[in-house]
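Before any comments, here is the structure.
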Amino acid sequence: MKKVITYGTFDYFHYGHFMLLKRAADLGDSLIVGLSSDEFNTKKNKQSLLSFDKRKEVLESFNFIDLIITENSWEQKIGDIKNHNIDILFMGSDWSMKFDYLKKYCDIVYVPRTPKISTSLIKKIL
Ligand code: CTP
């Protein structure tokens, strides 16, 4: 049983998010998503257009996501990995190397982002 975890805000859910999550799910048997809380987004200087509950509702509609947990801090990852027996932390390439310090707890996989789409771009257009 291979367990995968990924983290993000997933605001104004788009095709790049879908591809990232689908690839993460395909890599293992179980996918957990750490969804950034509105408070954590504020700390990251990220203002999401949709509230945590709405962003969570979107993710809940995908049957390849097994569990959604709340991401409240940068520091919680070690605890999450241990508590959920995670095998792989899966992130887009914008996070390349940033989570390498977690290599002693699980495998880290960074994948290329889907080009030409991001929440920032959608916000700009809106
Ligand atoms: N992601 C991706 N391809 C994209 C956009 C995002 O693979 N085109 C991935 C990110 O690398 C991350 C996850 O989706 O692992 C969640 O990213 P998030 O920051 O929520 O979305 P962005 O669209 O990158 O948001 P922003 O523009 O606000 O940074």
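Just follow the structure's listing: the first ligand is 1, and inside any ligand the first atom is 1.
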- Item | Heteroatom distance test (Pro115, ligand 1): nitrogen or oxygen, under 3.5 angstrom | no
- Message: Suppose I only count heavy atoms of Thr9 and a 4.0 Å limit; which atoms of ligand 1 are within that range?
- Response: 20 (O)
- Closest to atom 12 (C) of ligand 1 (heavy atoms only, candidates Ser36, Ser48, Ser118, Gly92) is Gly92
- Task: Could you check atom 26 (P) of ligand 1 against the protein and tell me its nearest heavy-atom contact, residue, atom and distance included?
- Result: Ser120 OG, 3.3 Å
- Message: Run Lys2 and Ser30 through side-chain hydrogen bond (donor to acceptor under 3.5 Å, both in side chains) and show every step you take.
- Response: CA-CA 7 Å; Lys2 201 181 268 188; Ser30 170; over 6 Å; no
- Are Phe13 and Phe62 close enough that their ring centers fall under 6.0 Å? yes
- Task: Could you grab the distance from atom NZ of Lys124 to atom OG of Ser118, nearest 0.5 Å is fine?
- Result: 7.5 Å
- Query: Looking only at N/O atoms, are His17 and ligand 1 under 3.5 Å apart anywhere?
  - Reply: yes
- atom 3 (N) of ligand 1 [closest protein heavy-atom partner, distance rounded to 0.1 Å]: Thr114 N, 3.1 Å
- Message: Looking at non-hydrogen atoms alone, which of Lys123, Arg55, Arg113, Lys44 comes nearest to atom 7 (O) of ligand 1?
- Response: Arg113
- Task: Check step by step if salt bridge (charged side-chain N to carboxylate O under 4.0 Å, His left out) holds for Lys3 and Asp29.
- Result: CA-CA 6 Å; Lys3 295 181 84 174; Asp29 306 297; over 6 Å; no
- Query: With a cut-off of under 6.0 Å to the ring centre and 45° to the axis, is Lys123 in cation-pi contact with Tyr12?
  - Reply: no
- Task: For the residue pair Tyr105 and Asp80, confirm or rule out a side-chain donor-acceptor distance under 3.5 Å.
- Result: no
- Query: Can you find an N or O of Trp95 that's nearer than 3.5 Å to an N or O of ligand 1?
  - Reply: no
- Task: Name the closest protein heavy atom to atom 16 (C) of ligand 1, giving the residue it belongs to and the distance to 0.1 Å.
- Result: Phe10 CE2, 3.6 Å
- Message: Are the side chains of Arg55 and Asp11 in contact, using a 4.5 Å heavy-atom criterion?
- Response: yes
- Query: Which is closest to atom 28 (O) of ligand 1 in terms of heavy atoms, Met91, Lys116, Lys46?
  - Reply: Lys46
- Task: Give yes if a backbone or side-chain nitrogen or oxygen of Ile117 is under 3.5 Å from a nitrogen or oxygen of ligand 1, and no if not.
- Result: yes
- N/O of Tyr7 under 3.5 Å from N/O of ligand 1, yes or no? no
- Message: Counting only heavy atoms closer than 4.0 Å, does ligand 1 sit against the backbone of Thr119, its side chain, both, or neither?
- Response: both
- Message: Against Lys77, only a single residue in Ile5, Ile86, Leu102 fulfils side chain to side chain contact (heavy atoms under 4.5 Å, CB included); can you say which?
- Response: Leu102
- Is the shortest heavy-atom distance from the side chain of Met91 to the side chain of Val109 under 4.5 Å? no
- Message: Using the rule ring-ring contact (aromatic ring centres under 6.0 Å, His included), only one of Tyr101, Tyr7, Phe40 pairs with Trp74; which is it?
- Response: Phe40
- Side chain, backbone, both or neither: the part of Leu20 lying under 4.0 Å from ligand 1 by heavy atom: side chain
- Message: With heavy-atom distances below 4.0 Å as the criterion, list the atoms of ligand 1 near Asp94.
- Response: 10 (C), 11 (O)
